[in-house]
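The following block contains the structure, expressed as structure tokens.
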Protein chains: 2
Amino acid sequence: MERIAIYGKGGVGKSVVATNLSARFAQLGRKVLHVGCDPKHDSAVRLTNGEGNILTVLEVLADDPNPTSTDGILHEGRLGIHCCEAGGPEPGLGCGGRGVARTLEFLDEMNVIGSGGYEVVMFDVLGDVVCGGFAAPLRQGFAEKVFIVISEEPMALFAANNISKAIHVYHPNGVVLGGFVASLKSPDADRSVLDRFAAALSTRVLAFIPRDPLITCAERARKTVVEYAPDSASSKAFAALADEIASIDPASVPLPTPLGDEAFF
Amino acid sequence: MERIAIYGKGGVGKSVVATNLSARFAQLGRKVLHVGCDPKHDSAVRLTNGEGNILTVLEVLADDPNPTSTDGILHEGRLGIHCCEAGGPEPGLGCGGRGVARTLEFLDEMNVIGSGGYEVVMFDVLGDVVCGGFAAPLRQGFAEKVFIVISEEPMALFAANNISKAIHVYHPNGVVLGGFVASLKSPDADRSVLDRFAAALSTRVLAFIPRDPLITCAERARKTVVEYAPDSASSKAFAALADEIASIDPASVPLPTPLGDEAFF
Ligand SMILES: Nc1ncnc2c1ncn2[C@@H]1O[C@H](COP(=O)(O)OP(=O)(O)O)[C@@H](O)[C@H]1O
Ligand SMILES: Nc1ncnc2c1ncn2[C@@H]1O[C@H](COP(=O)(O)OP(=O)(O)O)[C@@H](O)[C@H]1O
Ligand code: SF4
Ligand SMILES: [Mg+2]
Ligand SMILES: [Mg+2]
């Protein structure tokens, strides 16, 4: 079973990467569970059958705190993908990661991952602050291979450095940093800066996802780009990335070597 | 006493705004307390006398959990400004806002705000997730006037919307949303989009801080731009903003009207 977590700064491009990877694995015939773990709750919806905004786990549990089935929580989306969206509490009220923590608790209670027959489990997780619920996917039995989405913006690199520090904390659970996925904000961004940053952290950039207008078109058509435009540059990059991810042996991945904070000021 | 909090998405430009406002108020003769509340801990250092990286409150308390004075925690910086930097726990270990929570606890215990004779208290706070320690400056006795730094980027607006929701939660403490401060990432960003966004939330953009290369020069010279280049476009914008902030009567500020999350997808 591939147990993947996509982390990164808010807005850097995690959900585009995570939903396209889930769709790609499903196209290859894998049974996929996709879990949205960002209070922005707009990940799983990109894989659903025009349901629009699916209810988050926090919303469902507000009405029924002790559900006895996965109905209303797990949704079957396109390509046979099973999805759920954690949700987040209202800002200012309780832990921002509470939706993620409660969702993973529920998946554990219902033994969804253990008994669901999934071949790929994909967590799409906000990584601005790696604490509370946002660190929950790194605990035992959830994510194994973490991939951090970066861009050329300094704040995206600072967040990647912080997430790499968290990898150390959860390493005893078998969590590894599989690598970075670069999602460039500008077509003329300097890729060598990102390669050097990855090397400094003892990892590498596995893929550069080009800025692709077809991703915006796909979004409007409520599809992932690998479904909407399979021959596009970005779809080919996602297909290659999926193969790369599957070929990573966690046992041979070194620990990352995050930089001191001063490196960013 | 002006009790101000500068909130906004990570990297949007809060510390540039907050340190320049603190420096401007000090230039006008006010006694200022400047509190850095971002785990990135790079705010107060911009106002210090070349001390380089000042110790964060969390670091000091790690050695001495029950200090009996403000030594080592409050620093006198340039222009007579008193500053401290909250710090943050290591990612993956404990609440991301723990440094902020512990710092405000300390300020309370030592009655720093009540007895320090300050005329301006400035909190520079990370606003990606408004929870735990990051919401602490909105509690009784800390911030009164909140200003949210926005840019033309959608994620900065989504964060501003979330922070506006948190204003509702803490409104009973007398917290008000004074307005937005626009820090444009691109010189040809569409300002009218930001004015319309502010109007939709029942607030307004108080200032547009232009992208100014002198801000980068000032940073390298370890000064704020209002000290380094007082006649620059951005320095004039900060001076006008400081006057605008001082003229706001909290009792006459309406509650913001945040949009539903769907407005951002
Ligand atoms: N490679 C890309 N090309 C074009 N648009 C992109 C690309 N990656 C992301 N985007 C757009 O950027 C926005 C943010 O991406 P998203 O994946 O939702 O970020 P996150 O999940 O990290 O918050 C979305 O509107 C998305 O369509
Ligand atoms: N108006 C501006 N013009 C030029 N550079 C800016 C401007 N505002 C912010 N910056 C730069 O952008 C970076 C992030 O700004 P900062 O204030 O540290 O953000 P935050 O505190 O929100 O994380 C800094 O390097 C800063 O010098
Ligand atoms: S643990 Fe993290 S997400 Fe939870 S309250 Fe603290 S800062 Fe917020
Ligand atoms: Mg997302
Ligand atoms: Mg800052």
Among the options A:Val130, A:Leu93, A:Leu138, pick out the one with the most heavy-atom pairs lying under 4.5 Å from chain B.
A:Val130
Non-hydrogen atoms of A:Cys131 and B:Gly94 that approach each other most closely
CB-O, 3.2 Å
Mind checking ring pair (Phe, Tyr, Trp, His ring centres under 6.0 Å) for A:Phe106 and listing every partner two or more places apart, or none if nothing turns up?
none
Between chain B and chain A, identify all donor-acceptor pairs below 3.5 angstrom, including backbone and side-chain atoms.
from, atom 1, to, atom 2, distance (Å)
B:His41, NE2, A:Asp261, OD2, 3.0
B:Gly92, N, A:Val130, O, 2.6
B:Gly92, O, A:Tyr170, OH, 3.4
B:Val130, O, A:Gly92, N, 2.5
B:Tyr170, OH, A:Gly92, O, 3.4
B:Asp261, OD2, A:His41, NE2, 3.0

Which answer fits B:Phe264, side chain, backbone, both or neither, if we ask what part of it has an atom under 4.5 Å from a heavy atom of chain A?
neither
Note: vs chain B, highest number of non-hydrogen pairs under 4.5 angstrom among A:Gly96, A:Gly11, A:Ala159, A:Gly10 is A:Gly10
Only pairs of heavy atoms separated by less than 4.5 Å count here; which of A:Leu126, A:Ile163, A:Val169 has the most with chain B?
A:Val169
